[in-house]
Every structure is written in structure tokens, then in C-alpha cells.
Amino acid sequence: MVVVLLAGVLGYAQEQDFSKVQIKVTKVSGNIYMLQGAGGNIAASVGDDGIVIVDDQYAPLADKIAAALKGIGVTDKPVRFVINTHYHGDHTGGNLPFAAQGATVIAQDNVRKRLESGGKSGVGNGPNEAKENKPAPAGALPIITFDHDVTVHLNGEDIRALHFPAGHTDGDSIIFFPKANVVHMGDDYVRYGFPFIDVLAGGSAQGMIAACQKVIPQLPPDVKVIPGHGDLSNLDEMRDYVKMLQETTATVQKAIDSGKSVEQMKQAKILAPWDKYANKFITSDIFIDTLYNSLTNAKNASFVQHN
Ligand SMILES: [Zn+2]
């Protein structure tokens with residue numbers, strides 16, 4: 001189970017049997033669909049101009065994903081653009097096969113850098129300290145990269161990817177479909193409980209909170225929210241998640257201020273009031289590690305200000 005959760009969240013493809021994975025398609029709004037299989041949720045704009053997908057799960061699922069998109073029955077045209085919300089393998093694993101079939105992959109500058117170089121991901125200490133990522137093959141790298149934002153004009157929609165720094169990673173984008181009134185949050189918002197924050201790849205709890213707080217007031221109250229992982233959501237559920245992030249972050253900050261060590265925080269079970277968010281992948285102890293490392297990693301502080 002731990003392996004499966006790790007696979008789902010961190011992108012370990014090798015341990016997983018993809019032959020049994022089925023792709024579930026949910027119509028979200030207008031011509032926007034959500035696809036769930038294994039790994040991060042996919043958003044798809046499916047229309048007369050062709051298909052744009054946000055994230056692409058794992059390479060072995062690419063044929064099933066393409067078949068599911070065709071099965072929607074709107075177009076026989078292929079995937080023209082893939083937008084990656086961040087570099088993790090459970091969101092970018094399909095880049096290579098989709099690019100090979102003619103799609104152009106778009107992502108924030110740091111996504112390409114991290115895919116190209118490989119390197120460590122993880123919360124920085126404790127049982128989930130780090131995982132080594134191999135460099136991605138050249139054909140899997142985003143062809144178009146951007147610093148702050150980019151807009152893809154297709155299917156009558158202005159699909160906008162906006163970068164938020166130092167959240168789940170240092171290369172996150174949140175993707176807006178203003179006409180259809182849909183947003184894909186990437187892994188700045190997930191529904192499996194305490195989130196994995198890739199502190200070793202420039203992520204921080206403060207940046208994750210800042211991104212959500214920046215986005216929520218700008219969205220219409222009835223916007224459909226596609227989380228990075230988990231079922232279709234809404235702003236009320238996202239506000240609960242942000243509240244949990246704020247309260248747990250404040251709790252760990254208070255413990256830091258009073259001179260407590262990470263081990264003392266774990267022994268005192270300072271996150272017990274939020275136990276329902278603990279999961280097999282991110283336990284309360286691992287989330288204490290995450291928050292402690294986020295808060296004491298001074299280099300993040302300057303990134304959080306940027307919009
Ligand atoms: Zn991720």
C-alpha cells in the first residue's frame with residue numbers, strides 16, 4: 001500500500017502494474033473533461049481544434065488516455081498540446097509518448113530544468129527524506145517553457161497557465177479555463193490528506209498556502225476545481241484545505257519559536273488535531289518534517305512574495 005501511494009504521489013512507475021488501470025472520464029464543464037487513471041488528474045479541453053491536456057500521468061497509460069479522449073466522441077484529432085503542472089513523474093510520464101505522436105509539451109522553466117537534470121525530491125529528512133530522479137529522455141522535455149505565464153488559445157478557450165513559486169515544487173503552474181469556469185490546481189491542492197511538498201525541489205508550505213490564497217478570491221464561487229489528486233472539487237473544500245495548511249503551519253512555527261526540536265514535536269504529537277488528514281504516504285510525523293523544513297528553509301522566504 002505504501003508503495004502504491006508512493007507510486008501515485010511521487011511518480012514511481014516501475015513498481016506499478018498499469019495493465020489493470022482504467023481511465024475514468026468525467027465531464028466537468030463545457031468542453032473540459034477530467035481523466036483519472038493512475039497518478040495526477042488530467043484536465044482535457046476537447047473540441048474542434050483538437051485536444052489540449054493538462055498533465056499526462058505515466059507513459060504506459062498514454063494509449064489508454066488517447067483512447068479515452070477519442071471515446072468522448074467530440075473529435076478524432078490528436079492531442080496537440082500538453083501542459084505540465086510540475087515535473088513529477090506521475091504528471092509528466094506521458095510526455096514522451098504524447099510528444100512522439102506530435103504533441104507540443106509546455107511547462108514552466110523549472111519543470112524542464114528538473115526533468116533534464118534529474119535530482120532529488122522529498123521532504124528533506126525523516127522516513128520520506130529523498131528519492132533520486134533520473135534525468136528524463138530528451139523527447140520528454142517541454143519544448144516551450146515560460147517564466148510567469150502562458151496562454152494557449154484553442155477550442156474557443158483561453159487556457160492560461162500561471163506560475164506560482166515555491167509551493168508543491170519550484171515549478172508549479174495553476175491552469176485556468178475561464179470560459180468553461182474550471183481550474184486545474186496541480187499538486188498545490190490535493191485531496192489525499194496532508195500533501196506531499198517537495199521541499200528538496202524548492203517547495204514550501206508557505207508557497208502552497210500563498211498560491212491557494214492568491215487564486216481563491218479571483219475565481220467565481222461556482223468554479224469547478226480539479227485537484228492534482230482526488231475527485232473533482234470546489235472552493236469550499238479548497239478553503240478547508242488551506243485552513244488546515246495554515247493551522248498546521250502555525251502550530252509548527254510556534255513549536256520552533258519555543259525552541260522545540262523536530263523529535264520533540266513528533267513525541268508531543270502536535271498535529272493530533274488534524275489526524276484525519278494523515279495518510280500512509282504523508283503521516284503526521286512526515287508532515288511535521290515537511291513543515292519544519294519549509295519554515296526553516298530561509299531561501300524560500302523571498303520566493304513566496306512573487307506573484
Ligand atoms: Zn507532484
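These numbers come from a predicted model, not from an experiment. Whatever order the structure lists them in is the order used to number ligands and atoms, beginning at 1.
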To the Zn ion (ligand 1), the closest N, O or S atom belonging to H168 is NE2
- Query: Do I226 and V28 come close enough that some side-chain heavy atom pair is under 4.5 Å?
  - Reply: yes
Check: Would you say D187 reaches the Zn ion (ligand 1) with an N/O/S atom under 2.8 Å?
Finding: yes
Between G40 and Q57 the two heavy atoms that sit nearest each other are O-NE2, 2.8 Å
ILVMFWY cluster, M208 and I286 together (side-chain gap under 4.5 Å)
yes
| request: Confirm or rule out an N/O/S atom of H91, from backbone or side chain, lying less than 2.8 Å from the Zn ion (ligand 1). | output: no
| So, do I216 and M238 sit near enough that their side-chain heavy atoms are less than 4.5 Å apart? | yes
For H88, the N, O or S atom at the shortest distance from the Zn ion (ligand 1) is ND1
